[in-house]
Amino acid sequence: MLYRKSLTALLALALTVGLTACSSKPPEEPEPPESQPSVSVMAPVEPEPALPYVNPLTGEGCARDIAQKRPVAVMLNNLKKALPQLGVSQADIIYEAPAEGGITRMLAVFQSVEEVGNIGSVRSARDYYASLAYGHDAVYLHAGGSPQAYEFIKSRGVTALDCVNGPYEGTLFWRDQERRRSAGLEHSVLTSSETIQELLPTYQRVRLDHEEGFQVGWTFQEGPEAGGEAAEILTVPFSTYKTGVFEYDPDSGLYLVEEYGEPYVDGNTGEQVAVKNVLVLYTDVSQLSGDSAGRLKVRTTGSGGGLLVRDGLAWPITWEREGESDRLSFYREDGQPAALGVGHSYINIVKTGTEVTWAAKSPEEAG
């Protein structure tokens, strides 16, 4: 048996050690027996420790418990002249829906704004965006709003912090002078993660935590789900002015976002926005009767059809939202909850009948 030594050999070794320990000459190194192989012992590889908490909007692990903190929802301008937007690459959810005149606006929802940097440009509220923020129990940041938005905020008691008709300009919000010169006054409002973190705790009317029992209730899944149609390119036309394009990147497993024929870039980092999940929700969109500005009525409660796109595949879904204070829920055709991939989501809200298209990449596009 390897490494077994006879009693005689052990006694001889002990005698040698005893003599050399008192000698002025260094002991000679004994040659190892040829029958004794060299053994290399590998240290065990420790697995990455699982993070103890979960971001309820993305399913990602967190070092701190942020699930019971109210998210921050920021109303964003999306006119081409007002780009680039700031902070959008770190939004846990981006909602995009049509507004008057064929334009769109966005609602960026952050479970935590920590280290996001500047956020904007901040634009005026619409009632259906205020409703989505209210459903997340979010602190809603905006700069002005439609009469319908102000009525919704007042009637529901939405925690809304307004740059235009509130005491927050110059503190929570400011005007970026370069944007003011290049794009106009209405496109220049910014805020920042540092400012939000510093000032929100000082506002007595702002509750920082969810009330007991609040749950987002979304289902997340690591790895791809079975089935689905190839969807490496997704095109979402909101109007003749705005079309969103989402291109799957197999290396990252994310969808790269484009709009106005160019990459959708976060001005803070210069990087293209990329998301794990893209959802399309079909709903009723109509012009508000008697509204001289051509504002829209967009239904965000009840139910409707939709599409979930992730991991290069697409599945039909239905969406449901019982009331204004509820979150959206997503279901597969069999009625089970539709699992989102772990990561950020981009939710497109479009008029029923919109010709959304998806397909595999052609060999030229894939190469």
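Please read all numbers here as calculations on a predicted model, not as lab measurements.
A salt bridge links Asp209 with Lys69: at least one charged nitrogen is closer than 4.0 Å to a carboxylate oxygen. Note on Glu114 versus Arg64: salt bridge recorded, some NZ/NE/NH1/NH2 to OD/OE distance being below 4.0 Å. Lys154 and Glu151 are not joined by a salt bridge, as no carboxylate oxygen comes within less than 4.0 angstrom of a charged side-chain nitrogen. Glu225 has a carboxylate O that lies under 4.0 Å from a charged side-chain N of Arg332, or vice versa, which qualifies the two as a salt bridge.
Here the rule is side chain to side chain contact (heavy atoms under 4.5 Å, CB included) with Leu190, and of Val122, Thr195, Leu86 only Leu86 fits it. Test His187, Glu186, Gln85 against Asn77 for side-chain hydrogen bond (donor to acceptor under 3.5 Å, both in side chains) and you get one pass: His187.
No more than 12 heavy atoms of other residues, nucleotides or ligands sit less than 6.0 Å from atom CD of Glu222. Residue-environment remark: CD (Glu194) exceeds the threshold of 12 foreign heavy atoms within 6.0 Å.
In this structure, His344 and Glu60 have side chains that are in contact, with non-hydrogen atoms separated by less than 4.5 Å. Considering only heavy atoms from C-beta on, Leu208 stays 4.5 Å or farther from Tyr203 through its side chain. Arg70 is not listed as a side-chain neighbour of Phe214, based on a closest heavy-atom distance of 4.5 Å or more. Contact check for Pro237 versus Thr354: side-chain heavy atoms found under the 4.5 Å cut-off. Within the 4.5 Å cutoff, side-chain heavy atoms of Leu279 are placed close to those of Ser345. Counting only heavy atoms from C-beta outward, the side chains of Pro71 and His136 approach each other to under 4.5 Å. For the pair Arg181/Arg179, no side-chain contact is recorded, criterion being any heavy-atom separation below 4.5 Å from C-beta on. Between Leu200 and Leu161, the closest side-chain pair of non-hydrogen atoms falls below 4.5 Å.
Linking ILVMFWY side-chain heavy atoms closer than 4.5 Å, directly or via other members, places Val273 and Leu254 in two distinct hydrophobic clusters. Put simply, Val280 and Leu313 are part of two different groups of oily side chains (I, L, V, M, F, W, Y) that touch within less than 4.5 Å, one to the next. Tracing side-chain contacts under 4.5 Å through hydrophobic residues (I, L, V, M, F, W, Y), one never reaches Ile103 starting from Val285; they form parts of separate clusters. By the rule that hydrophobic residues join a cluster once side-chain heavy atoms approach within less than 4.5 Å of another member, Phe220 and Val216 end up as members of one cluster. By the rule that hydrophobic residues join a cluster once side-chain heavy atoms approach within less than 4.5 Å of another member, Ile94 and Val309 end up as members of one cluster.
Shortest non-hydrogen contact noted between Ala339 and Leu308 is O-CD2, 3.6 Å. In plain terms, the two heavy atoms of Trp319 and Thr300 that are nearest each other are CZ3-O, 3.8 Å. Among all heavy-atom pairs drawn from Tyr150 and His142, the shortest one is CE2-CE1, 4.1 Å. The two residues Gln111 and Pro56 have their closest heavy-atom pair at OE1-CG, 3.8 Å. The two residues Leu296 and Tyr128 make their nearest non-hydrogen contact at O-CE2, 3.5 Å. Nearest heavy-atom pair, Ser192 versus Trp174, reported as atom, atom and distance to 0.1 Å: CB-CH2, 3.6 Å.
Arg207 meets the side-chain hydrogen bond (donor to acceptor under 3.5 Å, both in side chains) test with Asp137; sequence neighbours excluded. Listed by chain and number, the residues in a salt bridge (Lys or Arg N to Asp or Glu O under 4.0 Å) with Asp326 amount to none (sequence neighbours excluded).
Neither side chain, Thr58 nor Asp92, offers a donor N or O lying under 3.5 Å from an acceptor on the other. Checking Ser124 against Arg105 by side-chain atom types alone, a donor-acceptor pair falls below 3.5 Å. For the residue pair Glu259 / Asn78, a side-chain donor-acceptor distance below 3.5 Å is found, with atom types taken as modelled. Between the side chains of Asp266 and Thr269, no donor-acceptor pair of N or O atoms lies under 3.5 Å. For the 3.5 Å distance criterion, the side chains of Ser329 and Glu320 fail to qualify, holding no donor opposite an acceptor.
Separation of the Trp218 and Phe330 ring centroids falls under the 6.0 Å cut-off. Remark: aromatic rings of Tyr140 and Phe152 are distant, center separation not under 6.0 Å. Under the 6.0 Å cut-off for aromatic ring centres, Phe246 and Tyr346 qualify, their centroids lying closer than that.
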Check step by step if side chain to side chain contact (heavy atoms under 4.5 Å, CB included) holds for Ile119 and Ile196. CA-CA 10 Å; Ile119 303 172; Ile196 292 168; 4.1 Å; yes
Assess the residue pair Glu100 and Gln287 against the criterion (side chain to side chain contact (heavy atoms under 4.5 Å, CB included)); give the C-alpha distance rounded to whole Å, side-chain angles, the decisive distance to 0.1 Å, and a yes or no. CA-CA 8 Å; Glu100 57 275 10; Gln287 190 166 329; over 6 Å; no
Criterion side chain to side chain contact (heavy atoms under 4.5 Å, CB included) on Asp311 and Lys276, from CA distance to verdict: CA-CA 8 Å; Asp311 301 308; Lys276 183 65 178 178; 2.7 Å; yes
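No donor-acceptor pair under 3.5 Å is formed between the side chain of Arg310 and the backbone N or O of Leu340. Judged by distance alone, the side chain of Asn277 and the main-chain N or O of Gly341 form a donor-acceptor pair under 3.5 Å. Without hydrogens or angle criteria, Arg299 side chain to Thr283 main chain gives no donor-acceptor distance under 3.5 Å.
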